[in-house]
Amino acid sequence: MNDRTRTGHSKATTGAHNQELRNTRQGKREILAQSTGKCPDRDCPVFLFYHLEMQLHAGIIMIIHSLIGLMISCGYSELIPCLQLSVQQRVFNIANELLHTEKAYVARLHLLDQVFCAQLMEEARARSSFPCDVVMGIFSNICSIYCFHQQFLLPALEKRMEEWELNPRIGDILQKLAPFLKMYGEYVKNFDRAMELVNTWMERSSQFKAIIHDIQREERCGNLTLQHHMLEPVQRIPRYELLLKDYLHRLPEDADDFKDAQKSLELIATAAEHSNAAIRKMERMRKLLKVYELLGGEEDIVNPTNELIKEGHILKLSAKNGTSQDRYLILFNDRLLYCVPKLRLIGQKFGVRARIDVDGMEVSTSSMNMPRTFLVSGKQRSLELQARTEEEKKDWIQAIQATIQRHEQTLETFRMGRLSLSLSLSLSLSLSAQNCTELGKRAPTPIREKEVTLCMKCQEPFNSITKRRHHCKACGHVVCGKCSEFRARLLYDNNRANRVCIDCYTTLVGVPPSPASLSSSTQRRRSILEKQASVAAENSVLCSFLHHMEKGGGRGWQKAWFVIPENEPLVLYIYGAPQDVKAQRSIPLIGFEVSLPEPCDRLERRNAFKISQSHLTVFFSADGEELQRRWMEVLSRAGRGEELQVHGPISEALEEEGEELAPLAEST
């Protein structure tokens, strides 16, 4: 090979290296941006984690290509194939990296669950130095996450890597187990609260602080804090997505594992979205709380439906003499707050001078001969404002215009879709009582109040003081006061106006109520627990009444309606009553062990059994031996991740019409 050929080969190799490096960096930036919904903050721990990984990956690539270039220039080009990895080897390396990172991750989960959480829980139960609820609030469902990875995902990956030459694939494993990654949503959603609890109790309890510091000094902690280790589960799902995308990029499209890997990536992306949605929701709530404190707690803005769009200082031009006054604007998705400074010795606070609804708001460039001015006019007030720079003026106008446009689109979608949605929903919910065409013409068969612990519209729990039960006089459903504040004339009651729910009002009157009259609970997003008990029971593996009690929970035996749905056979849903439209709690069953209680448990109820995982133990009591046997069989198979057979509802349990069911929500 002559010098010119060597030089050309070296340049081509360097060019290929640079392109690969750019693709790697760009791909990882895209994944990180998609996972957070915005450009990554350079101070964000997740960004720093990926930045370090990219630097390491880039360094390895540079070393390899430098060696190749050196060998070409020295005349040893025949040895280059020894350095260039085959497709199969690259795929194996990625799968092997997944296994090694999984081992390290399981070790961190063990540290969180079996060391930090276990020792804190032991101290809380033995000496009551701090409440058990604090420990549960900090670690959330980390025991379920640890059990899933330690008992299922890691062993499956280890076995596959041992037999890689015979079965070189990982897509089928990830496709089977990826749906369980949705459990991370609960952990991520609780993460901010967990951090606050750690900081609060480190200051409040010397014993709590001593346990944390003692563990952090151990070698296995790697000189890292509890908060650092708690961040790892938040980062893990995007890590899977990153590795799987790299795996797919290296895998030929005709490979046996390509379709399974693609499906796995879709499932993991869905799980990542669950976690990232929770992260975004926490971020929105954090911003709202900051503004709430800025306003001295005087404005009711901390609401899941509220979104902070923009805030900042602005100058307001006086209508009398045109002088400028320092003011503060806070733009939400539904209103603009015009605030004035408050005189305080410590900390800046503001008071709300005016509230302008986005509905009906207009923004335009001011007609006055003043630079950087613009006009905001609404139903409540008009403001002549002046920005400090042209760029600031442009930003405010664009933000307000975008908010107005989005609000108008929401209203239009609401007007078009609300009627058809309400009609279909009303039809499906009232078929059990009477035909939809008979709505209001004959008295409904009301649902018994004791069968419902949550409002059948907004899913909020009832109580005897502030959230009382009401019957819709048209369909007979049990609803709260907010969801039945509508009046409609009913033919069966001599055309007199009666209390009805929102769906019946829409059907009877012909038009939906105005958006302004709807409470935030009516318009909120559906929760993952909003699986109607009666519907779930009709398509369930097993369902019945059981008494239950959590070990160390501080509460006695409580009666509830338990369901394992067919479409989620490894999740146990707990309802207050069979007609509830929202579960009070869900328990991922994978990894739980089922057994009879021990004498030391000192249970007073008959036909008892328990499920346990790490430090979490829940006791159950069935109404008969056969029901106990069936539940233990189903829960045992679910705990091992096996396919379940459909048993259906226990009809005998529904015949207890005379027995009063104490709602779980009211007992707390």
Side-chain angles (χ1 to χ4, degrees), residues 37-39 41-43 280 283-412 515-516 520:
K38 59 183 180 181
C39 292
D41 184 357
R42 292 185 177 273
D43 295 327
R280 290 191 291 269
E283 185 63 26
R284 288 198 299 268
M285 292 301 293
R286 187 188 296 112
K287 291 179 180 179
L288 291 176
L289 285 170
K290 183 179 178 181
V291 173
Y292 180 77
E293 294 173 358
L294 193 67
L295 300 177
E298 298 176 0
E299 190 73 13
D300 185 18
I301 59 172
V302 183
N303 188 300
T305 61
N306 283 348
E307 181 182 354
L308 178 64
I309 307 297
K310 185 176 175 60
E311 61 174 317
H313 289 273
I314 199 81
L315 297 176
K316 192 263 181 183
L317 300 181
S318 172
K320 293 183 178 180
N321 51 26
T323 58
S324 59
Q325 303 162 328
D326 184 35
R327 295 292 183 260
Y328 200 81
L329 284 186
I330 307 174
L331 177 63
F332 295 95
N333 57 320
D334 63 344
R335 78 194 85 166
L336 177 70
L337 299 184
Y338 167 66
C339 309
V340 297
K342 282 185 176 181
L343 295 177
R344 291 178 59 90
L345 295 177
I346 302 176
Q348 178 71 66
K349 297 289 183 181
F350 295 92
V352 178
R353 179 66 61 85
R355 302 166 184 82
I356 305 175
D357 292 337
V358 172
D359 188 19
M361 182 187 293
E362 295 180 355
V363 60
S364 60
T365 304
S366 175
S367 59
M368 296 179 61
N369 294 323
M370 296 284 291
R372 307 181 304 281
T373 58
F374 60 99
L375 177 66
V376 177
S377 58
K379 296 178 180 178
Q380 293 82 7
R381 183 167 177 175
S382 294
L383 300 171
E384 193 84 29
L385 303 171
Q386 185 179 42
R388 289 171 172 78
T389 64
E390 283 293 334
E391 184 179 357
E392 184 182 79
K393 169 188 171 181
K394 182 180 178 181
D395 289 344
W396 270 111
I397 292 177
Q398 287 180 345
I400 295 173
Q401 286 177 338
T403 304
I404 294 172
Q405 184 178 6
R406 189 169 64 171
H407 181 75
E408 290 175 349
Q409 291 173 348
T410 302
L411 286 180
E412 184 62 26
S520 61

Gln325, CD atom: more than 12 neighbouring heavy atoms under 6.0 Å
yes
Return a table of donor-acceptor pairs under 3.5 angstrom between the side chains of residues 396-405 and protein atoms on other chains or two or more places apart.
residue	atom	partner	partner atom	Å
Thr403	OG1	Ala399	O	2.7

Applying salt bridge (charged side-chain N to carboxylate O under 4.0 Å, His left out), can you list everything that pairs with Arg388, at least two apart in sequence or on another chain?
Asp326
Salt bridge between Arg406 and Glu307, side-chain N to carboxylate O under 4.0 Å?
yes
What's the shortest heavy-atom distance between Phe350 and Cys339, and which atoms?
CB-CB, 3.9 Å
Can a donor-acceptor pair be found, under 3.5 Å and without considering hydrogens, that links the side chain of Lys349 to the backbone of Glu293?
yes
Considering all heavy atoms, the nearest Leu294-Glu311 contact:
CD2-OE1, 4.1 Å
Let me confirm one number: the CG-CG distance from Leu375 to Leu317, rounded to the nearest 0.5 Å.
10.5 Å
Approximate separation, where rounding is to 0.5 Å, of Ile356 CD1 and Ser377 OG:
8.5 Å
Inspect the surroundings of CD in Glu391 and state if more than 12 heavy atoms from other residues, nucleotides or ligands are less than 6.0 Å away.
no
Less than 4.5 Å apart, side chain to side chain, heavy atoms only: is that true for Asn333 and Asn306?
yes
Can you name the nearest heavy-atom pair linking Arg327 to Pro341, along with the distance?
NH1-CD, 4.3 Å
Once ring-ring contact (aromatic ring centres under 6.0 Å, His included) is applied, do any residues pair with Phe332, and if so which ones, sequence neighbours excluded?
none
Which value, rounded to the nearest 0.5 Å, describes the distance between Glu384 atom CD and Phe374 atom CZ?
9.5 Å
Between the CD1 atom in Ile314 and the CD atom in Gln386, the distance rounded to the nearest 0.5 Å is 8.5 Å
In Å and rounded to the nearest 0.5 Å, what is the NE2 to CE distance from His407 to Met361?
9.5 Å
Counting N and O atoms only, with roles assigned by atom type, does the side chain of Arg372 sit under 3.5 Å from a partner on the main chain of Ala387, one being a donor and the other an acceptor?
yes
Atom CD1 in Ile309, atom CD1 in Ile330: separation rounded to 0.5 Å?
13.0 Å
How close do Thr389 and Glu392 get, heavy atom to heavy atom, and via which atoms?
OG1-N, 3.0 Å
Given Thr365 and Lys393, is the side-chain contact (heavy atoms from CB on, under 4.5 Å) satisfied, shown in steps?
CA-CA 9 Å; Thr365 304; Lys393 169 188 171 181; 3.6 Å; yes
Do Leu337 and Val291 come within less than 4.5 Å of each other through their side chains, counting heavy atoms only?
no
